[in-house]
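On a predicted model such as this, the values are computed, not experimentally measured, just so you know. Chain A is the first sequence line, chain B the second, and so forth, proteins listed ahead of strands; every chain is numbered from 1.
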Amino acid sequence: MTTEATEVPAGDVGSLYRTKEGLGVWKHRGKVAAVGIGHSPTMRRWDERPETSVGAWAILALRKAMEDAGVTPDQVDGLVLGEETTTGSFWPAEKPIPEDFLNAFQQTDNPLDGLAKLSAAWILKNMPELTNVKTVITAPVCMSMVLTAAIQAVGDGRTHTCLVLKGWHNFSGRYYQGGANAQDTVAGPGKFGQALAGPASYGTAMQFQRYLHKYGKTHEMMAPFVVNSRRNGLLFPEGYWAQHRPEPLTAEDYNNARWVAKPANLFDNDIPIQAAGAYLITTAERAKDMRQKPVYVLGHAGAGRFENGLYLGAKSRGVIETLEEAQGNAASTGRKLFEAAGIQSTDIDFENMYDGFGLFHVFHIEGIRYAGIKEGEALDLFQDDISIDSAFPVSPSGGNIGSGRTRFWNHTDSIQQLQGRAGARQMKKQVEVGLSGGFMPFWSNFVVWSSSPD
Amino acid sequence: MPKQSPVPNDLDRPFWDACNDERLVLQYCDSCTRWQHPPEAVCYECKSAEKLRWRENSGAGVIYSFGVIYDTPIASLQFDQPYNVAVIDLDDAPGLNVMSHLPGTPADAVPIGAKVRLIFETTPATGQKVPEWQVVS
Ligand SMILES: [Zn+2]
């Protein structure tokens, strides 16, 4: 890390988020903008070449974001990233780290840096052109958390030209197998719940089962959503399915797919991939002189709580979050977003809420009352036209379901739609306000984007 | 069905010890008149540790929802796939839920809303007993 860069202490990072109702209009409404976007290629699993490591791809994505924005590296004064890059895949302890990877980069104390994690120190060591980074923030887990932290930091004046980064690695071998899951005993909080189930999608599946029971719906009613997500994903040239497996998905494919945790099947689960994405966030004032049309932030908000300096999910009452708790969290997030952005539900032209797992997209869009729906109505909406040509497009990015597990396609699409450069995904209708974010209803951050600062 | 043996820690040992005596005890805050589970060091509501005690619960409940697991990463459960994982609302601890494999109920034949009763199973690795729930016929 350059000597003059200051890391925002972990205990302070929590103050960058808005997780309570009643905070009023976001004080930097319209004064922060996204301008540049940078994506690495995608791959299913790392092929162990240095130039495709998550570190190499992170550097690539950051350089593309600067170039896209028309910003030179010396103008960048902030870097916000998520350090964790695992989607559940870990570098085996007994396996040596490839020599050519170690030789290709400046390493930090942790030999897995750049390969199975990404520290700001590693990025700055390997991007010597970033000579003026003064503020560094390590944010929790997802791009939505990273992006929100950067947006707030720019609004607060901690940085004015800020790079935002999220990378994901994926290695060979089956996901989450081995380790604690292979033991015949269980310690830790999982012993009261998750150790009885297993798949990560169980909780969402169980909530969705309750939803089907409560509202008299069927799992098949999700098919149009997943088909639409794949269709939109195949129009996303940066995404995994478009790059590697350009196959449309039919309702029959979906309905015949194998179960993982019924009612969550294979296509309700997103596919883990290796990829990195970056954005350039700046002030509305500076954005005017950059290469792309600025997309303004009207507000941000999410679900969560701070305890001991950590950003944790909203607490559930029992062992597992119920449907009603998920719905309550989603609705509360909706109210916070409208309050922060000073808008109403009816002002939203499109939604790019998170979808990995696809089933909880239902809870998210009901929470913001998208297209005027309320609880129990999202699956009915899916039976109408939800394509990018419709009046109420659903997940125009295609999300994780359409392009692989990164949790950032939704933000890229929102920015590109409002810049008018979403290519084949560009919606037919005129759009001014959209929102994107994730991840789950109990632990999230969303951004309200607008083509205008007012 | 066989499952991993939970390893007690200082916080939850009374819960697991009671299971070995075939009793269900859960945390209860006398000041808030509120049940709490999974165990925590303090009452989540009033942050008091002193008012928190272990209190016996009948374990009677109702099936809230369920999922059927076809692809678990947990080795000791893979042999029994597909298996049910139900969420039970506890009658005597309003708002609290627990999870169960519903022994005796065929996979994917889970009656949401049905009454269940508490039983105990012995886990193979350490002999630790764990609570389970069965549909009341
Ligand atoms: Zn209390």
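Not a single donor-acceptor pair under 3.5 Å links the side chain of Ser76(B) to the backbone N or O of Gln183(A). Side-chain atoms of Tyr202(A) come within 3.5 Å of backbone N or O of Val85(B) as a donor-acceptor pair. When atom types are taken as modelled, the side chain of Gln4(B) and the backbone of Lys191(A) share no donor-acceptor pair closer than 3.5 angstrom. Judged purely by atom type and a 3.5 angstrom limit, Tyr64(B) has no side-chain atom pairing as donor or acceptor with the backbone of Thr322(A).
Taking Asn97(B), Leu96(B), Val87(B) one by one and counting their heavy-atom pairs under 4.5 Å with chain A, the maximum is reached by Asn97(B). Most heavy-atom pairs under 4.5 Å with chain B: of the set Gly193(A), Ala187(A), Ala261(A), Ala197(A), this distinction falls to Ala197(A). Heavy-atom pairs under 4.5 Å with chain A peak, among Ser100(B), Pro2(B), Gly95(B), at Gly95(B). Counting heavy-atom pairs under 4.5 Å between each of Gln209(A), His213(A), Arg317(A) and chain B puts Arg317(A) at the top. Taking Lys214(A), Arg305(A), Gln207(A) one by one and counting their heavy-atom pairs under 4.5 Å with chain B, the maximum is reached by Arg305(A). The residue among Gly113(B), Pro8(B), Pro6(B), Ala93(B) with the most heavy atom pairs within less than 4.5 Å of chain A is Pro6(B). Note: Ala195(A) leads Ala205(A), Gly203(A), Ala195(A) in heavy-atom pairs under 4.5 Å with chain B.
Nearest heavy atom pair, residue Val319(A) against residue Val98(B), reads CG2-CA, 4.2 Å. Nearest heavy-atom pair across Ala182(A) and Ala75(B) is CA-CB, 4.0 Å. The minimum heavy-atom distance linking Thr185(A) with Val7(B) is given by the pair CB-CG2, 3.7 Å.
Residue Glu324(A) touches chain B through both its backbone and its side chain, counting heavy-atom pairs closer than 4.5 Å. Contacts of Ile69(B) with chain A are made by both backbone and side-chain atoms, with heavy-atom separations under 4.5 Å. Using a 4.5 Å cut-off between heavy atoms, Leu212(A) makes no contact with chain B at all. For Ala86(B), the part sitting under 4.5 Å from any heavy atom of chain A is the backbone (N, CA, C, O) and nothing else. Residue Asp89(B): no heavy atom, backbone or side chain, is found under 4.5 Å from chain A. For Glu40(B), the part lying near chain A is the side chain, with the backbone staying farther off; criterion is any non-hydrogen pair under 4.5 Å. Heavy-atom distances place the side chain of Lys315(A), and not its backbone, under 4.5 Å from chain B. Residue Glu325(A) does not touch chain B at all, counting heavy-atom pairs closer than 4.5 Å. Interface remark: Asn84(B) contributes no atoms to any contact with chain A (heavy atom separation under 4.5 Å). For Pro82(B), no part lies near chain A; criterion is any non-hydrogen pair under 4.5 Å.
Between the NE2 atom of His101(B) and the CG atom of Leu196(A) there is a distance of 4.5 Å, given to the nearest 0.5 Å. If you take CD1 on Ile63(B) and CZ on Arg210(A), they are separated by 11.0 Å, rounding to the nearest 0.5 Å. Interatomic distance, Met99(B) CE to Met206(A) CE, rounded to the nearest 0.5 Å: 7.5 Å. Taking CG from Asn265(A) and CG from Asp71(B), the interatomic distance works out to 12.0 Å, rounded to the nearest 0.5 Å. Taking OG of Ser65(B) as the start and CZ of Phe208(A) as the end, the distance is 11.0 Å to the nearest 0.5 Å.
Pro38(B) is not listed as a side-chain neighbour of Pro189(A), based on a closest heavy-atom distance of 4.5 Å or more. Side chains of Ile74(B) and Gln194(A) form no contact here, defined as non-hydrogen atoms less than 4.5 Å apart. Side-chain contact between Asp184(A) and Ser5(B) is absent, with no heavy atoms from C-beta onward closer than 4.5 Å.
Residues satisfying the salt bridge (Lys or Arg N to Asp or Glu O under 4.0 Å) criterion with Arg117(B), sequence neighbours excluded, are absent altogether. In this structure, the salt bridge (Lys or Arg N to Asp or Glu O under 4.0 Å) partners of Lys217(A), at least two apart in sequence or on a different chain, are Asp380(A).
Within a 6.0 Å radius of NZ in Lys20(A), other residues, nucleotides and ligands contribute 12 heavy atoms or fewer. For Glu84(A), the CD atom counts as loosely surrounded, since its 6.0 Å shell holds 12 or fewer non-hydrogen atoms of other residues, nucleotides or ligands.
Residue pairs that meet the ring-ring contact (aromatic ring centres under 6.0 Å, His included) test with at least one member in residues 30-63 of chain B, sequence neighbours left out, are Phe192(A)-His37(B), Phe15(B)-His37(B), Tyr28(B)-Trp35(B).
At a heavy-atom cut-off of under 4.5 Å, chain A is reached by Ala125(B), Thr126(B) from residues 124-137 of chain B, listed in order of number.
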